[in-house]
Amino acid sequence: MADEVVLLDTWASMFGMRVRIALAEKGIKYEWKEEDLRNKSALLLQMNPVHKKIPVLIHNGKPICESAIIVQYIDEVWNHNPKIMPSDPYERAQARFWMDYIDKKVYDTWRKLWLSTGEERETLKKEFISIFKQLEETLGNKPFFGGDMFGFVDVGLIPFYSWFYSYETYGNFKMEEECPKLIAWAKRCMERETVSKTLPDEKKIYAFIDGIKKVLDSK
């Protein structure tokens, strides 16, 4: 029996992009269901009753939630090449650590920066840039975070690249000036068809979040 794979997601979600990249890396066919997060579907609420968030991967009727967990699940279930997780236990632990760092630091700090003004924005901008500088230091001179091969941390971080233009515009800084090695890494990742075909246009992302911001500011 063929696997039935469904992804509940929304186009602009960097967390959903992770899952789409992982599925593309493995060559897995799936049904993509766009969610309206202001009017969540009954299926989403049924499949992720705890957090009620996307993405959710439904594999043969069973839901898997949280993007980092989903990516690991995909690598374990469809365990053919290319591998996403490192084979060495220590390297796997390190990859999970840095994915956790990305999850705890990047999105939440960006959201605070996005909603801030004045001195608070300047303080948050410095904090936000320092997060990416730490990631750049972790990358070092390696082509990818895991070394020569595109892997788990790369899958975790590269979707944020489609948001860099928005970060720069709201924060009034240039990522390439602050973190040139990280930008070079992102461009290497974009050479992969699985990445370039998944990430939406940066200006489309900006228009999307700018529209949300205007609605919030008008309230």
Side-chain angles (χ1 to χ4, degrees), residues 8-21 34-40 51-55 66-68 71 97-139 144-145 153-192 195-219:
L8 308 184
D9 189 13
T10 190
W11 71 271
S13 169
M14 61 279 285
F15 303 107
M17 291 177 216
R18 288 175 173 175
V19 179
R20 282 176 260 154
I21 290 169
E34 173 89 18
E35 283 286 333
D36 178 357
L37 299 183
R38 291 168 295 185
N39 184 25
K40 296 174 183 178
H51 295 304
K52 304 176 177 65
K53 291 180 179 179
I54 52 94
E66 298 296 308
S67 62
V71 172
F97 174 88
W98 288 110
M99 179 72 92
D100 186 63
Y101 177 87
I102 294 163
D103 283 349
K104 287 178 176 172
K105 292 283 191 178
V106 178
Y107 182 79
D108 286 347
T109 308
W110 150 247
R111 185 170 175 78
K112 290 174 190 172
L113 172 64
W114 180 54
L115 297 173
S116 65
T117 54
E119 287 185 18
E120 184 189 15
R121 175 168 285 190
E122 285 304 306
T123 301
L124 284 164
K125 178 172 82 170
K126 289 176 184 175
E127 181 184 345
F128 193 55
I129 291 169
S130 74
I131 291 166
F132 285 103
K133 284 185 179 293
Q134 177 63 72
L135 287 164
E136 184 176 62
E137 185 180 321
T138 302
L139 174 67
F144 300 103
F145 278 90
V153 181
D154 306 294
V155 171
L157 184 58
I158 192 56
F160 290 87
Y161 182 54
S162 62
W163 286 66
F164 278 13
Y165 175 78
S166 300
Y167 298 162
E168 293 172 333
T169 305
Y170 276 96
N172 192 28
F173 68 94
K174 290 293 182 186
M175 191 70 81
E176 192 152 22
E177 291 175 7
E178 300 289 348
C179 301
K181 287 183 180 178
L182 204 61
I183 293 297
W185 159 83
K187 289 176 179 176
R188 275 194 295 277
C189 292
M190 288 293 286
E191 291 172 4
R192 300 182 75 82
V195 176
S196 63
K197 286 194 170 181
T198 298
L199 268 58
D201 181 76
E202 59 183 14
K203 301 286 177 66
K204 188 180 176 186
I205 291 282
Y206 177 75
F208 169 71
I209 61 171
D210 194 50
I212 295 171
K213 186 71 165 57
K214 284 172 180 170
V215 170
L216 292 173
D217 289 345
S218 68
K219 289 184 178 179

Tell me whether the count of non-hydrogen atoms from other residues, nucleotides or ligands lying under 6.0 Å of CD in Glu137 goes above 12.
no

So for atom NZ, which belongs to Lys40, do other residues, nucleotides or ligands contribute more than 12 heavy atoms lying within a distance under 6.0 Å?
yes

Please examine the side chains of Tyr161 and Lys187, heavy atoms only from C-beta on, and report whether any two atoms are closer than 4.5 Å.
yes

Can you find a pair of side-chain heavy atoms, one from Trp98 and one from Gln134, that are under 4.5 Å apart?
yes

About how many Å separate CD1 of Ile129 and CE of Met175, when rounded to the nearest 0.5 Å?
7.5 Å

Nearest 0.5 Å please: distance from the OG1 atom of Thr198 over to the CZ atom of Arg192.
11.0 Å

Contact check, side chains of Val195 and Asp154, non-hydrogen atoms, under 4.5 Å
no

Does the side chain of Glu127 reach to within under 4.5 Å of the side chain of Leu124, using non-hydrogen atoms?
yes

In terms of the angle between their ring planes, are Phe128 and Trp110 parallel, tilted or perpendicular, with boundaries placed at 30° and 60°?
tilted

Using a strict 4.0 Å threshold on nitrogen-to-oxygen distance, state whether Lys104 and Asp108 make a salt bridge.
no

Evaluate the side chain to side chain contact (heavy atoms under 4.5 Å, CB included) criterion for residues Leu135 and Tyr101: first the C-alpha distance (whole Å), next the side-chain angles of each, then the deciding distance (0.1 Å), finally the verdict.
CA-CA 9 Å; Leu135 287 164; Tyr101 177 87; 3.9 Å; yes

For Arg18 against Ala68, the heavy-atom pair lying closest together
NH1-N, 4.2 Å

Could you measure the distance from the OG atom of Ser67 to the NZ atom of Lys53? Nearest 0.5 Å is fine.
10.5 Å

Would the distance check show the side chain of Glu35 and the main-chain N or O of Leu8 forming a donor-acceptor pair, the cut-off being under 3.5 Å?
no

Approximate separation, where rounding is to 0.5 Å, of Asp201 CG and Tyr165 OH:
10.0 Å

If you count every heavy atom of other residues, nucleotides or ligands that lies below 6.0 Å from Lys174 atom NZ, does the total exceed 12?
no

Measure the spacing between CE of Met17 and CD1 of Ile21 and express it to the nearest 0.5 Å.
8.0 Å

Just say parallel, tilted or perpendicular for the rings of Phe164 and Tyr167, cut-offs at 30° and 60°.
tilted

Do Thr169 and Asp210 have side chains that approach each other closer than 4.5 Å (heavy atoms only, starting at C-beta)?
no

Looking only at heavy atoms, what is the nearest atom pair of Ile158 and Leu199, with distance?
O-CD2, 3.5 Å

One thing to verify: whether Glu178 and Lys125 come together as a salt bridge, which I'm taking to mean a side-chain N less than 4.0 angstrom from a carboxylate O.
no

Check for me whether the distance between the ring centres of Trp163 and Phe160 falls short of 6.0 Å.
no

Quick one: are Glu122 and Ser116 in side-chain contact, heavy atoms under 4.5 Å?
no

Taking the side chain as everything from C-beta on, heavy atoms only, tell me whether Val153 gets closer than 4.5 Å to Ile102.
yes

So which atom in Trp114 and which in Ile209 form the shortest heavy-atom distance, rounded to 0.1 Å?
CZ2-O, 3.4 Å

Within the structure provided, determine whether Pro200 and Trp11 are in side-chain contact (heavy-atom separation under 4.5 Å).
yes

For Gly16 and Asp9, work out which heavy atoms get closest and say how close.
CA-OD1, 3.2 Å

Can you measure from OG1 (Thr109) to CD1 (Ile131) and round to the nearest 0.5 angstrom?
3.5 Å

If you draw a 6.0 Å radius around NZ in Lys133, do more than 12 non-hydrogen atoms from other residues or ligands fall strictly inside?
yes

Please report the shortest heavy-atom distance between Ser166 and Tyr206, naming the atom on each side.
OG-CA, 3.3 Å

Might you point out which heavy atoms bring Ile183 and Glu176 nearest each other, and give the distance in Å?
CG1-CA, 3.7 Å

